[in-house]
Structures are given as C-alpha cells and as structure tokens.
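Here's the structure we're looking at; comments come further down.
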There are 2 protein chains.
Amino acid sequence: MKCINLSSEEKLKEAAKSVFLKKGFAGTTARDIADAAGMNIALTNYYFRSKEKLFIEIFRDLFQLYCTNTIKILEKPIGLEEKIIEIIEEDYRMMKEEPTLVLFIMTEIHRDCENLLPELSKYKELLNGILIKQIEDAKKNGLVRDIEVEHLMPIIMGSLQFVFVGKNMHRKMYGLSEEDFDQFTETHKNHVIGMVTNYLFRSS
Amino acid sequence: MKCINLSSEEKLKEAAKSVFLKKGFAGTTARDIADAAGMNIALTNYYFRSKEKLFIEIFRDLFQLYCTNTIKILEKPIGLEEKIIEIIEEDYRMMKEEPTLVLFIMTEIHRDCENLLPELSKYKELLNGILIKQIEDAKKNGLVRDIEVEHLMPIIMGSLQFVFVGKNMHRKMYGLSEEDFDQFTETHKNHVIGMVTNYLFRSS
DNA sequence: ATAAATTTTAAACAACCATTTAAAAACTTC
DNA sequence: GAAGTTTTTAAATGGTTGTTTAAAATTTAT
C-alpha cells in the first residue's frame with residue numbers, strides 16, 4: 001500500500017536538519033524548510049504530520065550523532081589513558097564535521113528537556129558504567145587521580161566543546177577566518193589532551 | 001518634557017530579561033513579556049520602540065554581567081595562580097546566580113553575532129592584554145607551562161561553564177534535584193581549580 | 001482647578017505562522 | 001492504456017505574530 005518516495009522524504013529531512021541546526025526549533029519556520037529543500041510548503045506535513053514531529057525525529061538522529069561514537073570508544077578493550085585520548089580525538093572530529101551540533105543539542109534540551117530526552121538514563125549507563133569500573137580499578141592501583149566520572153566527562157567535553165559552542169564569539173573576538181578557527185580548535189584539542197592526561201596520570 | 005516613569009519601564013525590562021533568559025529571542029513573544037510584567041501589550045513598543053531594540057538593550061546588560069567581574073579580577077595586582085583561582089570562583093558565583101546566562105549568551109551570539117557584538121575587540125584587549133603579559137613573565141621564569149591565553153581561557157571557562165550550559169542534560173542524566181545540582185557544580189568547580197592550577201604550575 | 005503632557009488601555013492592523021484542503025500531476029498496476 | 005494509487009501543487013484555513021491607533025486614564029504644571 002503506502003510506499004513513500006524516500007527520495008523526497010529524505011531530501012526534506014536533510015534540508016530540515018540543516019535549517020534546524022542553524023536556527024533552532026523556535027527560529028525555524030515551515031517555509032524555511034520548504035525553501036531550503038526547494039519543495040512545496042505542504043510536504044512537511046504530508047510526510048511528517050507536523051513541524052514538531054519532524055523536529056523530534058531529527059533531534060533523535062543528531063543526539064545519536066553526538067553520543068554514539070563516544071560510547072563505542074568507551075566499550076573498547078583498551079587502556080584508560082589511550083581511551084581518554086581517543087574520546088577527545090573523536091569528539092573533536094565530530095565537532096569539526098558539525099560545528100553547530102553541540103550548541104544545538106544544549107539549546108533544544110534546555111527548551112524542552114522532557115520531550116526530547118525521555119530515556120536518557122540508558123545513555124548514562126552506557127556512558128559511565130564501563131568507564132567507572134575502569135577508573136575504579138586504576139584508582140586502586142594508584143595509577144590515576146581520585147575524580148568521579150560525573151566530573152571528569154564534563155571537564156573533558158566542556159573544555160573541548162566550549163570553543164565550538166562559542167564559535168562565533170571566539171571567531172569575532174580573535175578575528176579568526178574559518179581556516180584560522182580550524183587551526184585554533186586543533187591546537188586547543190591538543191592542549192585539552194595534555195591537560196587532562198597530565199591531571200589524571202602525571203600530577204603531583 | 002519627556003519624563004518617562006522609570007518604575008514601569010524598568011518593571012517591563014526586568015520581566016523581559018527573565019523571559020528572554022529562559023526562552024531566548026526567537027522563542028519569546030511580545031505577549032509573553034507583557035504577561036510576565038502584568039502590563040499591557042502595547043507598552044513594550046511604547047517604551048522600547050520594538051521587541052528587537054528591547055532585546056539588544058537587555059543583551060548588552062547581560063553580556064556585561066557575563067564579562068565585567070572577570071575583567072576586574074584580571075586587572076588586580078595579584079599573583080597568577082591566585083588570579084586564576086579568583087577568576088574561577090567569580091565565574092562560578094556568577095553562574096550560580098544566573099544559571100541560564102551562559103547558554104543564553106552563546107545562543108544569541110550564534111543567532112546574530114554582528115548586531116550583538118559590534119565592538120567586541122575591546123573586550124579581547126581587556127580580557128587578555130593584562131593576563132598575557134603576566135603569563136609571559138611567568139613563562140620566562142619557568143614558573144608556568146607554555147600555553148597561550150587564547151587557549152587557557154576557553155579551557156577554564158569551558159570546563160566550568162559547560163555544566164551550566166548543559167544543566168538540564170546533566171540534571172536529567174544523573175537524576176539531580178536543584179540542591180543536588182548546586183552541590184554537583186561546587187564540587188566540579190573545585191576539580192577545575194585543581195586541574196588548571198596543576199597543569200599550569202605543577203606538571204611534570 | 002484647569003489645561004497640557006504623559007501613561008495606559010482595548011481594539012485593530014497587516015503580515016506571517018503551522019496546518020489543511022481538494023484538485024492536479026505523476027506514478028503503478030493490471 | 002485505463003483505473004487506481006501516490007505525490008505534488010496552489011490556495012485557503014484559523015490562529016498568532018509584532019506593531020499601531022486613538023481614546024481613556026492618570027499625572028504634571030500653571
């Protein structure tokens with residue numbers, strides 16, 4: 001029976017994704033999306049029933065993009081220091097690919113946390129369950145500083161992601177071109193690696 | 001001639017500030033503001049000519065709030081380590097007072113950087129000019145690690161402010177009440193102090 | 001107290017919003 | 001290639017947006 005043309009539906013979804021990423025839910029109109037896709041205004045509702053349903057679908061995808069690869073690294077059977085470096089490298093790669101993603105995620109969760117993160121606790125388990133054990137083991141052996149994962153992760157994510165959250169502010173403040181900014185974030189990432197590993201493994 | 005009743009104008013501005021902080025520019029309607037102030041819808045335009053002019057006025061105030069106290073500390077004639085600790089403590093105090101401020105600032109700069117930060121470079125000079133010299137001196141004496149202020153500040157601000165930018169995400173992920181969150185951020189602040197000072201002054 | 005100036009109000013404004021409709025166009029299927 | 005199904009379209013829907021208007025209420029100055 002219902003055999004939706006994936007080409008049109010996905011074209012619309014891709015357009016919506018890029019507009020939502022740029023302007024957020026409140027700042028985006030159905031016409032913005034239709035225009036960006038080069039399609040008729042009615043098609044948003046034909047394929048996705050409403051602007052909000054389309055948004056939620058896209059948000060889920062983007063939240064996956066934000067988390068999934070990091071979680072995969074957490075599950076890898078490698079040493080703690082190597083793992084943390086890989087997490088930072090992966091996080092950096094993800095933001096270089098989609099520089100507005102972090103601010104988008106934070107803004108929309110702030111706007112409508114309950115609807116957008118109904119089952120977040122599973123992420124908590126995935127994100128921390130594995131790492132906690134690894135860190136506890138290292139602590140017992142005196143190889144690592146005494147810090148909870150609940151603080152370590154925001155320190156890593158924060159010090160790294162913040163330059164992307166405030167991309168426009170940093171670009172304007174330091175007068176950076178797009179290329180300059182790329183260079184800036186890469187150097188920054190290396191400082192983060194240095195600081196975090198130093199604090200965890202080589203501090204006095 | 002024109003003698004505007006400051007009481008009404010400021011009541012409106014305070015209401016607008018709290019609504020804008022919560023919902024952002026795009027998510028706020030003129031009626032939201034009027035309702036929050038308990039005043040007539042026409043008064044927004046009577047006193048401030050337009051929603052955007054009112055917003056810009058409020059944004060300026062809030063950006064000042066975001067920066068001013070930190071800049072004051074930068075100018076104090078105290079040692080580098082003490083200064084960095086004071087900056088972190090002050091930044092923490094500011095965010096505890098207005099937890100949504102950082103996300104607000106970042107979101108709105110992302111939306112309309114050119115209009116909102118016309119003369120940002122003066123902040124750069126204030127923010128960095130003084131600190132750069134102090135750090136360069138310390139470097140010469142081998143007292144501090146080799147890191148540029150352009151990276152040090154985002155690392156400090158980022159690792160600290162990120163838990164407030166992602167307040168709802170963190171609260172939901174770890175199941176924190178408001179009091180739990182306060183406790184969480186205070187502990188976090190102390191980790192940030194430990195990590196930054198350790199990296200700068202006591203690393204191998 | 002009266003006149004002038006200022007502030008507040010309810011109502012209206014056109015423009016825009018998300019969404020729906022119903023007909024046209026483009027496809028499938030037999 | 002005709003009948004049926006799916007996709008696309010232009011137009012219209014009712015509601016909301018920011019802003020304006022003109023009259024009413026209040027305050028100020030004489």
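Letters A, B, ... are given to chains in the order of the sequence lines, protein chains preceding strands, and every chain is numbered from 1. Heavy atoms only: backbone and side chains are in, while hydrogens, waters and symmetry mates are out.
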| Reckon B:Tyr47 has a side-chain N or O less than 4.0 Å from the OP1 or OP2 of C:dT7? | no
| remark: So the side-chain hydrogen bond (donor to acceptor under 3.5 Å, both in side chains) pairs with at least one residue in residues 150-166 of chain A (sequence neighbours excluded) are A:Tyr66-A:Gln161, A:Asp91-A:Gln161, A:His151-B:His188
What's the [atom1]-[atom2] distance between [X] and [N], to the nearest Å?
X       : N      : atom1 : atom2 : answer
B:Phe48 : D:dT19 : CZ    : P     : 13 Å
B:Lys23 : D:dT17 : NZ    : C1'   : 14 Å
B:Asp35 : C:dA10 : CG    : P     : 12 Å
A:Leu12 : D:dT8  : CG    : C1'   : 12 Å
A:Glu9  : D:dT7  : CD    : P     : 9 Å
B:Leu43 : D:dT26 : CG    : P     : 14 Å

| Residue pairs involving residues 69-94 of chain B (criterion ring-ring contact (aromatic ring centres under 6.0 Å, His included); sequence neighbours excluded) | none
| remark: Sequence neighbours excluded, the answer for side-chain hydrogen bond (donor to acceptor under 3.5 Å, both in side chains) partners of B:Asn168 is none
| remark: Sorted by chain and number, sequence neighbours left out, side-chain hydrogen bond (donor to acceptor under 3.5 Å, both in side chains) with B:Glu82 holds for none
| query | Can you name the side-chain contact (heavy atoms from CB on, under 4.5 Å) partners of B:Arg60, sequence neighbours left out? | reply | B:Ile56, B:Pro118
| Pair A:Tyr199 and B:Tyr199, ring centroids less than 6.0 Å apart | no
| note | Heavy-atom contacts, protein to nucleotides 14-26 of chain C, under 4.0 Å, summarised as B (base), S (sugar-phosphate only) or - (none) per nt, yield ---BBBBB-----
